[in-house]
Amino acid sequence: MSDGQAARRLQFEIFRFNPEDKDSKPHTDTFEIDETPFMTLYIALNVIREKHDPGLQFDFACRSAICGSCAMMVNGRPALACRTLTADLPEKIHLYPLPTFKLIGDLSVDTGTWFREMAERTEAWIHERLPFDPEAEEERMSDDIAAAIYEGDRCIECGCCVASCGVANLDSEFLAGAGLNRVARFMMDPRDQRSDTDWFEVVAGDKGAFGCVGMMACADVCPKELPLLEVYAYLRRKMLGAALAKNDD
Amino acid sequence: MSSKLITTDVLVIGGGLAGERCAIEAAAAGHDALILSLVPPRRSHSCAAQGGMQAALGNCVKADGDNPTIHFLDTVRGSDWGADQEVATIFAEEAPIAVRELAHYGVPWTRVRGGKNKYFIKGKEVEIDEPLENDGLITHRDFGGTAKWRACYAAAGTGHAALYAVDSEVVRLGITVRDRTEAVSLIHDGTRCIGAVVRDLRNGSYFAVMAKATVIATGGYGRIYGQYTSNAVINEGTGASIALDTGIVPLGNMEAVQFHPTTLTPSGILVTEGCRGDGGYLLDKNMHRFMVEAEPVKQELASRDVVSRHMAQCMRDGNGVDSPYGPHLWLDIRHLGEEHLRTKLLEVWDICRDFVGRNPARDLIPVRPTQHYSMGGVRVNKDGQAYGLLGLYAVGEAACWDMHGFNRLGGNSLAETLVSGRLIGARVAEFASGMTLRTDTGVAFDALAAAEQKAKSWLARSGSGPSIYDIRDAMGETMMHKVGIFRTGEELAEAVRDLGQLLDDCDNAVLRCKDPGVNPELAFALRLKGMLRLAMTVAKGAEARTESRGAHYRTDFPLRNDRDWMNRTLVRWGADESDPTFSYEPTGIVDLPPGHRGYGSDERIEMTESIEAYNETVHKEQTRHGRLETVETMGSRLRRGAWQSVSG
């Protein structure tokens, strides 16, 4: 908290463009507001919209870094706006929408379509199960495996990794950190019956695990600190194994 | 703006757990289902449920001997006898199936580790030997108001894991989801609901959906409490609001509003009950565990209404910790240790780090009670059918089904979304199979035109007028401070006056943004009147209910009054009517007689009528209030007297 310190005057430079407005051209607007203790970008952006520009578009839902709605470029880095404290930023704050996703307006982008397409493409659900038997006891699973799957399941699909990825910025079909993490999550799940060969079709090749050029910005920006380096290593190991097995056939 | 009309078999309004689970059932039965969602469905507020989902699997030692009957007992006691006991029975019996089905969909439930396990119980560390034969089963943690450990969980991200698994099933089935859309009115002819008018939040255009069945699954209305809520900013009660607008469909028990004991100060962000379930405790400014004296048996794990009241009283007595944002108390989970906190309570760890800059292994967490859950909602029968309009259903927090009565137990809402989604989804599917799509598009086009006109008239207002955001903030202040944890007739009357003024202000408010497209100011303005109307039904309902039951606590009527108030509030308020109309129906067939909850006050005004006489009236009275006939007869799912086999 900034008790005892002089409150800062924050200057926000915000990207603006409303595709629904024929007269709108991409530009930036600057707003000045007084910083308050514990101010987050969630609070700041609402102050700007309610006091300065009621047309400003941005997305928040949970405002507690759980839902993944509010990712944006904060001084050049993708971040969740709701949990970004202004106290951690300089007085001049530049806000831009995430690249790689379709712009809806100002800071709002369409992550929903990207993630639904990714889920369809990778068939991100448990495969080849027997039908659910409501009478039966649950299948057993060791708590260690459950914990490992949960680790992969923690991705909130905010899109920070996609926006930070050099490959995804050039190739809209690249699965990027979130997509590959999703694949790894199902691959390690013993309930999913897909074989390494099945997975090979999904994830090998330059749209998947071998498209990554290893800059690993995804791991640096992930707000959930998912172990994306390990995810890539895991996928490549599995896919190399599958490729070698294929050649043996 | 392009106007259009689309058709589907089953329209589901809301892409959270309840709505998606319902859509899965309809799609699996071969129906064309369409889900509308304000946000991409995985961002729905279901994802914020942290600590657990109640289901009586009885898999760990502290859950040994658990069964649906005990779960039923806990739920009815938790509800302070406000619940429909048949619905609570159905719920408790189906919850284990719902949990196991989620495992089938892929949820990585935390599992039993056979062998020695360390737990914290009532402030003491204990070691319990989990039998090896239970290794790998879904395990449980303790939650408030339950006789057994019953909450199944995936760390503190249970809702997230459940929502992702259920949404993956939606994707697998190829169900269409239109995210960034909002239903703004229901299309109906006075007897049957035939769809909804929808605003596209990408571009501000409107379209109409005609459907055989329409399901409201829009969650709660916590945002009528302004900033004083743990709810997401999207929890504005739009589904309840458009049902209320019909003037035909009643909302049930709107005054039953839950305050969660531990939300972060100042942001109101939820800190799961699992913290106390896993052995955390509450401290006042003198580092004193006040809950031990207040509730010797359950301590920090009494029901939420009871714990929240003790906390509020503690702060009223001057024992809160002062802060620039008003007083708060401390949640202490330091003794659980970093390893536990960074695995089983990982999300709490993150929230403390991100929003108050604290390390919960070393630091205390500043908390206080904040609005959390809406027990009230669209009143439906046990099949999920809304009273009064054929073809309209409601499910999850948006509905008043009503298994929570006047206080919901922690972990029961996540379970409700899946249980009711499955069951009501099946009823919706049956209904849709027997219906043909209505083709009288006139009603739909009229509703569409009316919705578009509403937006135009907001934009046409000019001059100076109140700001919609000032009205919203004033509503929040009124609701928290006059319709909050402790209520009095005097303050409630003031709240009603305040809200009346704010409704007038809303009619005179002027927008500053006239931009084409979605126009965020217009989007909120279009919801604001509905939110104020919901707030008014809460305040007036609370003013009329001159007793204390569950979360509805009147300091001027501190006793539960089973003689006069063993009933459910119903409120109807057509969009063009000046005042709401209240009526009261019996809660449902009573099997477990009203008694002491096992925590909180044991004083009450007893029922004078016999339970047999009360039960005689239920069918007739509820039918008179608009209840539609259910597929199975009323009371058929009750397990009459089963609770007598449970000791304590």
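Quick note on labels: first sequence line is chain A, next is B, and so on, each numbered from 1.
Of the residues considered (D192(A), I43(A), D110(A), D189(A)), D110(A) shows the highest number of contacts with chain B, using heavy-atom pairs under 4.5 Å. Chain B forms more heavy-atom pairs under 4.5 Å with one residue of P134(A), C82(A), A61(A), A146(A) than with any other, namely A61(A). Between chain A and the options L270(B), D135(B), I234(B), the largest number of non-hydrogen pairs under 4.5 Å is found for D135(B).
Of the atoms belonging to Y164(B), it is side-chain heavy atoms, and not backbone ones, that fall under 4.5 Å from chain A. Neither the backbone nor the side chain of A148(A) comes within contact range of chain B; no heavy atom of the residue lies under 4.5 Å from a heavy atom of that chain. For P190(A), no part lies near chain B; criterion is any non-hydrogen pair under 4.5 Å. For a residue to count as touching a neighbouring chain, one of its non-hydrogen atoms must lie under 4.5 Å from one of that chain's; by this rule V177(B) touches chain A with backbone and side chain alike. Looking at L57(B), only its side chain comes within 4.5 Å of chain A, counting heavy atoms on both sides. Heavy-atom distances place both the backbone and the side chain of R154(A) under 4.5 Å from chain B. Using a 4.5 Å cut-off between heavy atoms, Y105(B) touches chain A through backbone and side chain atoms alike. Proximity to chain B is limited to the side chain of Y42(A), based on heavy atoms less than 4.5 angstrom apart. Proximity to chain A is limited to the backbone of A156(B), based on heavy atoms less than 4.5 angstrom apart. Using a 4.5 Å cut-off between heavy atoms, L346(B) contacts chain A through its side chain alone, with no backbone atom that close. Looking at R113(B), only its side chain comes within 4.5 Å of chain A, counting heavy atoms on both sides. Proximity to chain A (any heavy atom under 4.5 Å) is shown, for L137(B), by both the backbone and the side chain. For chain B, the nearby parts of D153(A) are the backbone and the side chain; heavy atoms of each come within less than 4.5 Å. In this structure, no portion of I145(A) lies under 4.5 Å from any heavy atom of chain B. With a threshold of 4.5 angstrom between heavy atoms, D144(A) approaches chain B through its backbone and through its side chain. For chain B, the nearby parts of R83(A) are the backbone and the side chain; heavy atoms of each come within less than 4.5 Å. Heavy atoms closer than 4.5 Å to chain A are found in the side chain of R223(B), but not in its backbone. Contacts of A124(A) with chain B are made by backbone atoms alone, with heavy-atom separations under 4.5 Å and no side-chain atom involved. In this structure, chain A has no heavy atom under 4.5 Å from any part of E94(B). Residue H104(B) touches chain A through both its backbone and its side chain, counting heavy-atom pairs closer than 4.5 Å. Residue S37(B) does not touch chain A at all, counting heavy-atom pairs closer than 4.5 Å.
Between F38(A) and F355(B), the gap from one ring centroid to the other reaches at least 6.0 Å.
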Ring pair (Phe, Tyr, Trp, His ring centres under 6.0 Å) between F58(A) and F60(A), worked out: CA-CA 7 Å; F58(A) 50 76; F60(A) 288 98; 5.5 Å; yes
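Annotation: side chain of R199(B) is in contact with side chain of V518(B) (closest heavy-atom distance under 4.5 Å).
Applying the salt bridge (Lys or Arg N to Asp or Glu O under 4.0 Å) criterion to R353(B), with sequence neighbours excluded, gives E225(A), D350(B). The ring pair (Phe, Tyr, Trp, His ring centres under 6.0 Å) search around H127(A) returns W125(A), not counting sequence neighbours. K207(A) is linked by a salt bridge (Lys or Arg N to Asp or Glu O under 4.0 Å) to D171(A), counting only residues two or more places apart in sequence or in another chain.
The backbone N or O of G152(A) lies less than 3.5 Å from no partner atom in the side chain of R182(A), so there is not a single donor-acceptor pair.
Side chains of E138(A) and N59(B): a donor-acceptor N/O pair is present below 3.5 angstrom, by distance only. At a cut-off of 3.5 Å, with distance as the only test, no side-chain donor of S467(B) or R512(B) sits close to an acceptor on the other residue. Looking only at atom types and distance, the side chain of S168(B) has no donor-acceptor partner in the side chain of R42(B) under 3.5 Å away.
Rounding to the nearest 0.5 angstrom, the gap separating the CG atom in L102(B) from the CG atom in L163(B) is 10.5 Å. Here S108(A) contributes atom OG and D59(A) contributes atom CG; the two are 3.5 Å apart, rounded to the nearest 0.5 Å. The SG atom of C47(B) sits 8.0 Å away from atom CD1 of I156(A), with the distance rounded to the nearest 0.5 Å. Rounded to the nearest 0.5 Å, atoms OG1 (T86(A)) and CZ (R8(A)) are 6.0 Å apart.
Contacts with chain B (heavy atom to heavy atom, under 4.5 Å) involve these residues of residues 20-34 of chain A, listed by number: E20(A), D21(A).
Residue K51(A) qualifies as open at atom NZ: its count of foreign heavy atoms under 6.0 Å is 12 or below. The number of heavy-atom neighbours closer than 6.0 Å to CD of E120(A), taken from other residues, nucleotides and ligands shown, is above 12. Within 6.0 Å of CD in E339(B) there are 12 or fewer heavy atoms belonging to other residues, nucleotides or ligands.
In this structure, H372(B) and H260(B) have perpendicular ring planes: the angle between them is above 60°, well past the 30° mark.
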